[in-house]
Amino acid sequence: MLGFLLFLLVVFGAAGLWVHLKGIEYVLVNQRWVFVCFFLLPLSVIFDLYHYLRTWIVFQLHSAPKKHDERVRNIQKQVRAWKDDGSRSQMCTARAGWQTMSLRVGKYKQTMRNININLIDILEVDIERQVVRVEPLATMGQITATLVPLGWTIPVLPELDDLTVGGLICGVGVETSSHHYGLFQHTCEAFELVLADGSLVRCTKDENPDLFYSVPWSHGTLGFLVAAEIKIVHAANFVKVEYKPCHTAEEVNTVYTEEVLKKSENDFVEGLMFNENQAVVMTANLTNQAEPGKVNSIGLYYKPWFFKHVETFLKTGPGVEYIPLRHYYHRHTRSIFWELQDIIPFGNNPLFRFLCGWMVPPKVSLLKLTQGETVRQLYEKHHVIQDMLIPLDKMSEALRVFHKEIELYPLWLCPMLLPSQPGMVHPKGDQDEMYVDIGAYGEPKTLDFDATTTTRRLEEYVRSVNGFQMLYADCYMTREEFRQTFDHTLYDKLRSDFECEKAFPEVFDKVCKKNRH
């Protein structure tokens, strides 16, 4: 053990000397993996350990509910102080832009009144009502670590550990169970907000329903979210996953659509498209029992990255295995879907996984904080991170469009039921409709790729089929196109009723590309 520690000390020392000689900017741009492996990974481990221990202690001591009321009063005090000062500038949260999961950092924080929102805890697990009450900066990793040992989970649990409740409500969240439950917002029972006048308001489907349906996708432009109640459901020990490889575009569309539309089967459905014609469709169901020899604890640090594991079924044929529940929920976390392969090209190498896999992944927030202007521009010009929500019956056509415009693989295919409810995002008709989220993350292979013009063509296609763009990503729409895509009817009414015009910007002004860098 002492020898191993000495070895690490020598390696880290040599790395530090090399960085000093080459210069930090050179390393950040040309050999980013060096900085990530030797600096960001250890920092990420320390941060995660601190956060886990703090969360566990707070939950065990039941101190969060007492502190919550005090923190909310402090937020109200800040908002009232802004009003007393003459409301000279609009408000936003003081949370630094690099701390969010979005690739970009909002410029607007530099000119707006920053309100400190330090709400990061799980407040209560109410078994009788079957809800968990949480603060907006509680993460998915926190929630599964708390609920699963108690035998509970939430119906829609987006995968990456660091995704926050507030981001998934005021933005959007989807998961492979969404074909049953809808988006993350549709599993929420109540929201609590501090409004522009400093008042605290609770809203549900029955109490202040207009506000309840308008909070999702509003990006903090109606008030400050301070708590939410989310449904909980019984958990299980394992998820039985069936892998169905497909070798033609027609087969992908047929198999995927059939599995999504099954009424009484498939707790989870997911697809990974590996090229224009090949994909693996996965169906999964909760179970407490596993067949001997078929348990795959895919979340262990030395295991292959999940998307690489899935790809092997294209050669080996159909398969079945049992994955522990929490491992399944966070199956794409270690590789940040497949983004980590562009940062650490050898990250899935067995030797790297064995020696350093326990530190993976680096915190997305730290990657953003340290990327520098040169790397930021490289990502902006040569990298795509987009999630487009498309009607399921247009999936085959949409995949051809994505191939033509960006030729980027893998593509993530995640089904979702879109209920016919008020708000910014709903089907065009008065019936519920099944959609699919097509997630594209990585470097496009098309030779004529241009970030602005290519993304605008994708946005135009999405609008033409009554689809939607997830707004954490780069949005190049004009204000008119944005309003054509998202229904502002109820949103505009509430902005007027709650006198939000002076207090908060519109959604478009927070998410459009010109206001992010």
Can you classify the ring geometry of Phe486 versus Phe468 as parallel (below 30°), tilted (30 to 60°) or perpendicular (above 60°)? tilted
I'd like a table of donor-acceptor pairs (distance under 3.5 Å, sequence neighbours excluded) in which one partner is a side-chain atom from residues 431-444, with atom names and distances.
unit_1, atom_1, unit_2, atom_2, d
Asp432, OD1, Ser420, N, 2.8
Tyr435, OH, Asn466, O, 2.8
Tyr441, OH, Asp387, OD1, 3.3
Tyr441, OH, Asp387, OD2, 2.8

Which residues pass the side chain to side chain donor-acceptor pair (under 3.5 Å) test with Gln90, sequence neighbours left out? none
Listed by chain and number, what are the side chain to side chain contact (heavy atoms under 4.5 Å, CB included) partners of Asp48, not counting sequence neighbours? Lys363
Distance-only polar pair, side chains of Asn275 and Gln278, donor-acceptor under 3.5 Å: yes
Listed partners of Asp450 passing side chain to side chain donor-acceptor pair (under 3.5 Å), at least two apart: Thr453
Arg479 meets the salt bridge (charged side-chain N to carboxylate O under 4.0 Å, His left out) criterion, sequence neighbours left out, with Glu506, Asp509
Consider only side-chain N and O atoms of His383 and Glu339, and report whether a donor and an acceptor are under 3.5 Å apart. yes
For Lys109, enumerate each residue passing the side chain to side chain donor-acceptor pair (under 3.5 Å) test, keeping only those at least two apart in sequence or located in another chain. Thr93
Test your reading of the model: is there a side-chain donor-acceptor pair from Ser464 to the backbone of Tyr461, 3.5 Å cut-off? yes
Side chain to side chain contact (heavy atoms under 4.5 Å, CB included) for Asp162 and Leu160? Distances and angles first, verdict last. CA-CA 6 Å; Asp162 290 343; Leu160 300 181; 5.8 Å; no
Has Arg334 got a side-chain atom pairing as donor or acceptor with Ile298's backbone, closer than 3.5 angstrom? yes
Set of salt bridge (charged side-chain N to carboxylate O under 4.0 Å, His left out) partners for Asp497, sequence neighbours left out: Lys493
Give the ring-plane orientation class for Phe352 versus Phe346, where under 30° counts as parallel, over 60° as perpendicular and anything between as tilted. perpendicular
Does Glu459 have any salt bridge (charged side-chain N to carboxylate O under 4.0 Å, His left out) partners at least two apart in sequence or in another chain, and if so, which? none
Who are the salt bridge (charged side-chain N to carboxylate O under 4.0 Å, His left out) partners of Arg331, not counting sequence neighbours? Glu159, Glu175, Glu270
Describe, in one word, how the ring planes of His403 and Tyr409 are oriented to each other, choosing from parallel (under 30°), tilted (30 to 60°) and perpendicular (over 60°). tilted
Which heavy-atom pair separates Gln469 from Thr455 by the least distance, and what is that distance? NE2-CG2, 4.4 Å
Could you check whether atom NZ of Lys428 has more than 12 heavy atoms from other residues, nucleotides or ligands sitting under 6.0 Å from it? yes
From Phe337 CZ over to Leu272 CG, what is the distance, rounded to the nearest 0.5 angstrom? 8.5 Å
Before you tell me yes or no, could you show the steps for Ser396 and Arg400 under side-chain hydrogen bond (donor to acceptor under 3.5 Å, both in side chains), namely the whole-Å CA-CA distance, both residues' side-chain angles and the distance that decides it to 0.1 Å? CA-CA 7 Å; Ser396 183; Arg400 290 194 296 271; 3.3 Å; yes
Would you find more than 12 non-hydrogen atoms of other residues, nucleotides or ligands less than 6.0 Å from Lys404 atom NZ? no
Exercise answer: donor-acceptor pairs, residues 498-505 side-chain atoms, under 3.5 Å, sequence neighbours excluded:
none

With Tyr491, which residues qualify under ring-ring contact (aromatic ring centres under 6.0 Å, His included), at least two apart? His488
Under the side chain to side chain contact (heavy atoms under 4.5 Å, CB included) test, which residues partner Ala249, sequence neighbours left out? Asn277
